[in-house]
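Below: the structure, in structure tokens.
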Protein chains: 2
Amino acid sequence: MISDRLSVTFAALADPTRRAILARLMSGEASVTQLAAPFEISMPAISKHLKVLERAGLIARGHEAQWRPCRLKAGPLKDVADWAEHYRRYWTESFDRLDNSLREVQNREKKHGYGKHGEKRKRA
Amino acid sequence: MISDRLSVTFAALADPTRRAILARLMSGEASVTQLAAPFEISMPAISKHLKVLERAGLIARGHEAQWRPCRLKAGPLKDVADWAEHYRRYWTESFDRLDNSLREVQNREKKHGYGKHGEKRKRA
DNA sequence: GGCATAATTAACCTATAGGTTAAATACATC
DNA sequence: GATGTATTTAACCTATAGGTTAATTATGCC
């Protein structure tokens with residue numbers, strides 16, 4: 001029953017079919033049939049994906065005769081970008097190197113490490 | 001059975017508890033017990049969340065006596081930021097306005113619109 | 001060795017995600 | 001109003017997510 005906006009957005013993006021649909025919509029609006037074309041799954045499955053995207057506010061739907069064209073609404077993606085930006089300093093190479101060398105010094109006289117001991121827990 | 005990196009990353013981020021754990025790790029490494037403290041869920045539940053984050057490459061785990069301290073590995077978040085950046089021009093206000101006014105002109109003589117007709121499909 | 005602490009694993013439960021096929025709805029056209 | 005096309009809804013299935021409690025593993029300390 002998670003319903004916060006970011007969770008809904010991330011959940012919607014956690015599917016390659018849905019991300020492909022968003023990518024397709026960058027080049028303009030499209031009907032459901034057009035969106036379904038590249039995929040091997042059924043129309044109802046596409047319909048469900050579109051509903052997920054719509055509920056996440058990532059697409060808007062039109063209404064023209066029997067067509068329900070979709071177009072991109074990228075607003076929530078700004079939230080995603082903004083959220084990720086908070087972590088920028090943690091993914092830069094310089095930070096990683098600093099972090100690692102600091103950690104090596106700190107752990108010089110302890111007998112543990114990252115990753116190395118983790119290996120032995122591997123199973124199956 | 002989705003296993004592409006971005007999907008795994010987004011799925012890991014689609015949970016507020018896990019995002020809170022990542023936020024906590026910005027201020028330094030922490031033991032499982034420390035990470036669990038702010039939440040009302042059980043330790044095994046936290047353990048599972050950490051496993052999800054670890055498999056997504058978002059945290060690394062250490063090994064010190066009976067503690068398994070976690071620390072942030074933000075690499076995948078750069079992929080998220082990069083992915084979202086592709087959509088930047090679609091979320092900027094100027095683009096939205098241009099898009100909307102173009103669309104209004106285009107649809108002047110058609111009898112459909114976005115959102116308005118969508119309302120009537122509401123049910124429950 | 002025995003006890004306390006930290007964390008994981010096992011076994012289980014329920015809800016939801018993502019897919020299916022078949023039926024229903026909406027609209028345009030003849 | 002019957003037919004064809006676009007799309008959704010209904011009913012169903014299976015796998016997974018996220019949670020639980022109880023048991024197990026790993027370690028430090030006495």
Side-chain angles (χ1 to χ4, degrees), chain A residues 1-4 7-21 29-37 39-56 59-70 110-112 117-124, chain B residues 1-4 7-21 29-37 39-56 59-71 110-113 117-124:
Chain A
M1 290 281 171
I2 292 164
S3 55
D4 70 278
S7 293
V8 169
T9 304
F10 279 129
L13 297 177
D15 183 288
T17 301
R18 289 195 290 263
R19 290 198 307 280
I21 288 172
E29 73 176 42
S31 71
V32 178
T33 307
Q34 288 171 332
L35 290 174
F39 306 105
E40 293 189 334
I41 62 180
S42 65
M43 287 291 290
I46 296 289
S47 218
K48 285 188 184 180
H49 282 308
L50 294 177
K51 195 170 295 184
V52 171
L53 290 170
E54 188 178 18
R55 299 195 64 205
I59 63 171
R61 320 211 51 184
H63 197 268
E64 185 175 0
Q66 64 260 224
W67 293 276
R68 269 80 153 185
C70 301
K110 300 180 187 175
K111 54 171 183 248
H112 73 282
H117 287 74
E119 296 298 330
K120 79 180 177 196
R121 273 185 285 111
K122 192 160 117 186
R123 82 190 102 55
Chain B
M1 290 282 169
I2 292 165
S3 55
D4 70 277
S7 294
V8 170
T9 304
F10 279 129
L13 298 177
D15 183 288
T17 301
R18 288 194 291 262
R19 289 198 308 280
I21 288 172
E29 73 177 43
S31 71
V32 178
T33 307
Q34 288 171 331
L35 290 174
F39 306 105
E40 294 190 334
I41 62 180
S42 64
M43 286 292 288
I46 297 289
S47 219
K48 286 187 183 181
H49 281 307
L50 295 177
K51 195 169 295 183
V52 171
L53 290 170
E54 188 177 18
R55 299 196 63 206
I59 62 171
R61 321 210 52 182
H63 197 266
E64 185 175 359
Q66 65 260 224
W67 293 276
R68 270 80 153 185
C70 301
R71 70 189 165 90
K110 299 179 186 176
K111 54 173 186 247
H112 74 280
H117 287 75
E119 296 298 331
K120 78 179 179 198
R121 273 186 285 110
K122 194 159 115 184
R123 77 191 110 53

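Quick note on labels: first sequence line is chain A, next is B, and so on, each numbered from 1.
Put simply, A/Lys51 has a side-chain N or O that comes within less than 4.0 Å of OP1 or OP2 on D/dT9. Phosphate proximity of D/dA26 to B/His63: absent, as no side-chain N or O sits under 4.0 Å from OP1 or OP2. Residue B/Ser42 places no side-chain N or O under 4.0 Å from the OP1 or OP2 atom of D/dG19. An OP1 or OP2 oxygen of C/dG19 is reached within less than 4.0 angstrom by a side-chain nitrogen or oxygen of A/His49. An OP1 or OP2 oxygen of D/dT8 is reached within less than 4.0 angstrom by a side-chain nitrogen or oxygen of A/Arg61. Taking side-chain N and O atoms only, B/Arg18 has no distance below 4.0 Å to OP1 or OP2 of D/dA17. In this structure, A/Ser47 reaches the D/dT8 phosphate: one of its side-chain N or O atoms is under 4.0 Å from OP1 or OP2. Here A/Lys48 does not reach the OP1 or OP2 of C/dT20: none of its side-chain N or O atoms lies under 4.0 Å away.
No engagement by A/Thr17 is indicated, since no non-hydrogen atom pair under 4.0 Å with the nucleic acid exists.
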Enumerate, atom names and distances included, each donor-acceptor pair closer than 3.5 Å involving a side-chain atom of residues 39-48 of chain A, sequence neighbours excluded.
from: A/Ser42; atom 1: OG; to: A/Ala45; atom 2: N; distance (Å): 3.4

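Computed from coordinates, the A/Leu35 CG to D/dA6 C1' distance equals 13 Å when rounded to whole Å. Rounded to whole Å, atom P of C/dG18 lies 13 Å from atom CG of A/Leu50. D/dT8 atom P lies 6 Å from atom CZ of A/Arg68, rounded to whole Å. One can place CZ of B/Arg19 at 11 Å from P of D/dG18, the figure rounded to the nearest angstrom. Rounded to whole Å, atom C1' of C/dT29 lies 10 Å from atom CD of A/Gln66. Atoms CE (B/Met43) and C1' (C/dA10) sit 17 Å apart, rounded to a whole Å. A straight line from CD1 of A/Ile41 to C1' of D/dT7 spans 15 Å, rounded to a whole angstrom. Between the CG atom of A/Leu53 and the P atom of D/dT7 there is a distance of 15 Å, given to the nearest Å.
When side chains are defined from C-beta on, B/Val32 counts as touching B/Arg61, because their heavy atoms get closer than 4.5 Å.
Here the shortest heavy-atom pairing between A/Leu35 and A/Cys70 reads CD1-SG, 3.8 Å. Nearest approach of A/Ala14 to B/Ala11, heavy atoms of both residues: CB-N, 3.5 Å.
The backbone N or O of A/Leu13 lies less than 3.5 Å from a partner atom in the side chain of A/Arg19, making a donor-acceptor pair.
The A/Ser31 side chain lies nearest to D/dT7 when the options are D/dG28, D/dT7, C/dA6. The side chain of A/Ala65 approaches C/dC27 more closely than any other nucleotide in the set C/dC27, C/dA7, D/dT27. Between C/dT8, C/dA22, C/dG19, one nucleotide has an atom nearer to the side chain of A/Pro44 than all others, and that is C/dA22.
Residues A/Trp67 and B/Trp67 both approach DNA chain D. Their nearest nucleotides, taken by heavy-atom distance, put A/Trp67 toward the 5′ side. The residue among B/Thr33 and A/Ala45 whose nearest nucleotide of DNA chain C is located toward the 5' end is B/Thr33.
A/Gln34 is linked by a side chain to side chain contact (heavy atoms under 4.5 Å, CB included) to A/Arg24, A/Ala30, A/Ser31, counting only residues two or more places apart in sequence or in another chain.
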